[in-house]
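All remarks here apply to the structure that follows.
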Amino acid sequence: MLRTAASLARLGTESAFEVLARAQKLAAQGRDIINLGIGQPDFRTPEHIVEAGVKALRDGHHGYTPANGILALREAVAADLHRRHGVEVNPDLIVVVPGGKPTMFFSVLMFGEPGAEIMYPNPGFPIYESIINYSGAKAVPIALEEESGFAFSADAVLARITPATRLIIINSPANPTGGVTPKAEIDRLVAGLADHPHVAVLSDEIYSQMLYEGRAHVSLLQYPEIRDRVILLDGWSKTYAMTGWRLGYGVWPEALVDAAIRLCINDHSCVNAATQHAGIAALTGPQDAVAEMVAAFDERRRVIVPELNQIPGFRCVEPGGAFYAFPNITATGLSARAAQDRFLAEAGVATIAGTSFGAWGEGYLRFSYASSIDAIREAIRRIKACL
Ligand SMILES: Cc1ncc(COP(=O)(O)O)c(C=O)c1O
């Protein structure tokens with residue numbers, strides 16, 4: 001009998017990958033599957049970015065890079081943050097990592113241990129709760145509600161801070177709800193944090209460029225009063241359709257950046273060099289493809305939400321960002337998990353049960369609308385027929 005660490009049993013997972021595997025298995029058996037489960041753009045990475053990666057390989061960028069990333073890439077990130085958020089960021093505080101996930105893993109590893117409390121959105125990206133539990137810290141949910149468009153309430157967050165709270169994780173625009181927290185609420189959270197100087201914030205802004213109807217992104221970096229305790233998570237996966245390249249970054253407070261780099265050295269040494277060169281091309285090249293993708297998602301959003309609202313028993317609030325719709329399905333009489341399994345098995349439509357994103361997701365299903373309008377319409381038709 002192998003004697004693994006007890007913490008291993010506390011590690012959760014991201015069911016989107018399990019549903020993807022089941023959907024692919026059904027497709028391999030000849031079933032016609034529409035996949036609205038996985039959260040990734042259905043576009044190719046723009047050609048000039050691919051070319052930069054290929055060129056880097058041809059030019060001989062085959063070795064290790066600095067653990068925190070090539071300086072030119074970190075400078076490009078700093079320039080991009082200035083362009084988008086109007087903030088000055090020292091490239092030495094930027095740590096390039098393989099995707100969005102390592103920054104959240106490292107943040108929780110830095111603060112989480114038995115006796116500590118970490119707050120996280122629920123329903124939210126499932127890895128937050130998983131790694132908090134893994135660290136031994138207490139996972140304290142920030143309940144997100146349909147009534148407020150799944151924005152968080154600053155008062156509710158502040159009310160749950162205790163002397164044991166070390167880190168608060170926020171995510172706007174959000175997965176799985178598409179919720180966007182208004183600036184006024186973020187202002188109130190930041191003001192309230194003045195009374196809790198021991199609390200750090202991880203702001204997951206991976207969907208920061210996917211906002212609709214004229215909404216402007218509010219970055220936690222824009223609040224100088226908490227800059228010394230904000231960790232920003234962002235990356236290329238969603239914005240540039242680069243999920244498989246594995247490229248993301250954290251902007252760290254000065255007090256934590258060395259620890260973040262040490263975690264990189266212990267974990268993966270550095271990000272693949274060619275990928276980093278592609279990342280430079282993404283940030284410094286034309287941004288038209290980003291605008292085109294966001295426009296396409298917006299068009300699909302305007303199709304899927306009214307369509308979902310026409311399914312008997314479904315009720316869907318308007319998502320303000322990301323590429324997810326999160327309808328309430330309680331009136332169908334099905335649990336989230338039963339609906340997910342039934343729609344996949346009987347209608348050939350992959351969606352993700354709300355409970356995959358935490359207990360507060362019961363009664364909801366996540367639809368990723370990073371799929372063609374025809375596929376979306378056909379999926380809804382099949383679900384209606386199945387019900
Ligand atoms: C909110 C959120 N943060 C982070 C990530 C991780 O992104 P990456 O694939 O770059 O690790 C995702 C991916 O779905 C996400 O939805």
Side-chain angles (χ1 to χ4, degrees), residues 14 16-17 20 35 37-59 61-62 65 68-70 72-81 83-85 91 94-106 125 127 171 173-175 204-211 217 219 232-251 264 267-298 300 321-324 368-372:
E14 189 181 347
F17 284 95
L20 179 68
N35 195 343
I38 195 78
Q40 70 176 336
D42 58 328
F43 297 101
R44 281 172 57 95
T45 304
E47 214 45 47
H48 69 282
I49 302 176
V50 175
E51 278 310 314
V54 171
K55 181 172 182 307
L57 286 174
R58 292 229 168 85
D59 289 351
H61 293 286
H62 302 167
T65 77
N68 54 347
I70 298 169
L73 178 58
R74 288 182 288 111
E75 285 173 345
V77 170
D80 181 60
L81 291 169
R83 174 180 69 85
R84 295 194 291 123
H85 307 323
I94 295 166
V95 179
V96 174
V97 283
K101 278 176 177 168
T103 299
M104 70 181 77
F105 197 42
F106 293 173
F125 189 54
I127 300 306
N171 172 220
N175 179 6
D204 181 344
E205 301 182 13
I206 198 121
Y207 297 102
S208 56
Q209 302 208 50
M210 290 177 180
L211 283 156
H217 181 65
S219 173
L232 172 88
L233 181 163
D234 205 334
W236 288 256
S237 295
K238 317 286 173 172
T239 310
Y240 298 100
M242 291 178 73
T243 52
W245 293 73
R246 308 311 301 141
L247 188 62
Y249 63 87
V251 178
C264 293
D267 180 62
H268 56 265
S269 298
C270 66
V271 172
N272 172 307
T275 290
Q276 294 191 52
H277 284 276
I280 296 172
L283 295 179
T284 58
Q287 302 296 304
D288 321 23
V290 178
E292 281 162 25
M293 282 190 275
V294 175
F297 291 138
D298 190 22
R300 296 156 183 194
F323 40 67
Y324 307 109
S368 162
Y369 51 85
S371 202
S372 75

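These numbers come from a predicted model, not from an experiment.
Between N272 atom CG and L57 atom CG the span is 7.0 Å, to the nearest 0.5 Å.
Residues Y324 and Y207 place their aromatic rings such that the two centres sit under 6.0 Å apart. Taking the six-membered ring where the residue is Trp, the centroids of W236 and Y249 are separated by under 6.0 Å. Between F323 and Y369, the ring center distance fails the sub-6.0 Å criterion.
In summary, the side chains of Q276 and T65 do present a donor paired with an acceptor at a separation below 3.5 Å, with no hydrogens or angles considered. Side-chain polar atoms of H217 and Q209 form no donor-acceptor pair below 3.5 angstrom. For the 3.5 Å distance criterion, the side chains of S371 and N35 fail to qualify, holding no donor opposite an acceptor.
Side chain of N171 to main chain of N175: a donor-acceptor pair is present (N/O by atom type, distance under 3.5 Å, no hydrogens or angles). Checked by atom type and distance alone, the side chain of T45 never pairs as donor or acceptor with a backbone atom of V50 at under 3.5 Å. Between the side chain of R74 and the main chain of V95, no donor-acceptor pair closer than 3.5 Å is present.
Salt-bridge formation is detected for the pair D42/R300: a Lys NZ or Arg NE/NH1/NH2 atom is positioned less than 4.0 Å from an Asp or Glu carboxylate oxygen. Between E205 and K238 there is no salt bridge, since no side-chain N of the basic residue sits under 4.0 Å from a carboxylate O of the acidic one.
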**Q.** Check against side-chain hydrogen bond (donor to acceptor under 3.5 Å, both in side chains), S208 and R84
**A.** CA-CA 9 Å; S208 56; R84 295 194 291 123; 3.0 Å; yes
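In this structure the side chain of W245 never reaches within 4.5 angstrom of the side chain of P98, judged on heavy atoms. C264 has its side chain out of reach of N68: every pair of non-hydrogen atoms, C-beta onward, lies at least 4.5 Å apart.
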